[in-house]
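Everything on this sheet refers to the single structure shown next.
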Amino acid sequence: MTGPNLHISQHPIVAVKLSQLREVKQNSKAVRELMSELATLVGYEATLDIGVSKDKTLTSPYESFQGTELSQRVALVPILRSGLGLVDGFLTLFPEAPVLHLGLFREKVTLQPVEYYNKLPQTPNADICYVLDPVVATGNTAVATVNILKEWGIAGENIKFVGILASKQGITHLQEEHPDIKIYFAGVDDSLDENGYIRPGIGDSGDRLWNTAA
């Protein structure tokens, strides 16, 4: 579980907020706020190499200067439903970015992904896609999502997978299937249980975000 395309945050503020998110006592409001904050923090790290241009001349209160603008079209691709918890944090970085929803759920017996919703345009409208999903456990859904984006026409080097917590197994699976994408997470846990949940983990991120636990 190494490589130049894998980035696990070492920032102390990220570590503190991830620890707070793990706490079972956090209500849904707190979970949403923490996930949004973590999305922005990890998002800063995931955008360090984004392309910019300095072709436009602008004017400050004192004189003209060469302004800096993004040179790549950015799209956000949240995996429903949990990925919605990271969207607002990324929209603080890219307020005009299109949000392209993909719906996949993990079948309970096989743990394999099933696609049920796809809102990608007919032709790609972005140069770089940030895939947003709080948790990567087995990695099956992550792999399937990247497959969809590549089939849509986005090259692997222009896909960045961003999340909060992953298992070592999930990251290894994603790296093996898609070694050309870049991966960014706030943290990594060692193990999965027999149901495919990360331990100690953060629980069911969708239920915690939207207060739908049984």
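- Sequence neighbours left out, the pairs with a member in residues 122-136 that pass salt bridge (Lys or Arg N to Asp or Glu O under 4.0 Å) are R73-D127.
- Side-chain contact between L21 and I164 is present, with heavy atoms from C-beta onward closer than 4.5 Å.
- Residue pairs that meet the side chain to side chain donor-acceptor pair (under 3.5 Å) test with at least one member in residues 80-97, sequence neighbours left out, are T40-T92, R81-D207, R81-T212, S82-S205.
- Contacts of S28 classified as side chain to side chain contact (heavy atoms under 4.5 Å, CB included), with partners at least two apart in sequence or in another chain: R32, N211.
- For V114, the side chain to side chain contact (heavy atoms under 4.5 Å, CB included) partners two or more places apart in sequence, or in a different chain, are F105, E107.
- Qualifying side chain to side chain contact (heavy atoms under 4.5 Å, CB included) partners for S71, counting only residues two or more places apart in sequence or in other chains: S53.
- The side chain to side chain donor-acceptor pair (under 3.5 Å) search around D204 returns none, not counting sequence neighbours.
- Partners of L120 according to the side chain to side chain contact (heavy atoms under 4.5 Å, CB included) rule, which considers only residues two or more places apart in sequence or in another chain, are L100, L102, N118, I148, L149, W152.
- Judged as a side chain to side chain donor-acceptor pair (under 3.5 Å), and not counting sequence neighbours, S60 has no contacts.
- The side chain to side chain donor-acceptor pair (under 3.5 Å) pairs that include a residue from residues 134-144 are T138-N140, N140-H173, where partners are two or more places apart or lie in different chains.
- Among residues two or more places apart in sequence or in another chain, the side chain to side chain donor-acceptor pair (under 3.5 Å) test is passed with S36 by none.
- Residues that satisfy the side chain to side chain donor-acceptor pair (under 3.5 Å) test with K150, not counting sequence neighbours, are H178, D180.
- Other residues, nucleotides and ligands place more than 12 heavy atoms under 6.0 Å from the CZ atom of F65.
- Screening residues 184-208 for ring-ring contact (aromatic ring centres under 6.0 Å, His included) gives H7-Y184 as the qualifying pairs, with residues at least two apart or on separate chains.
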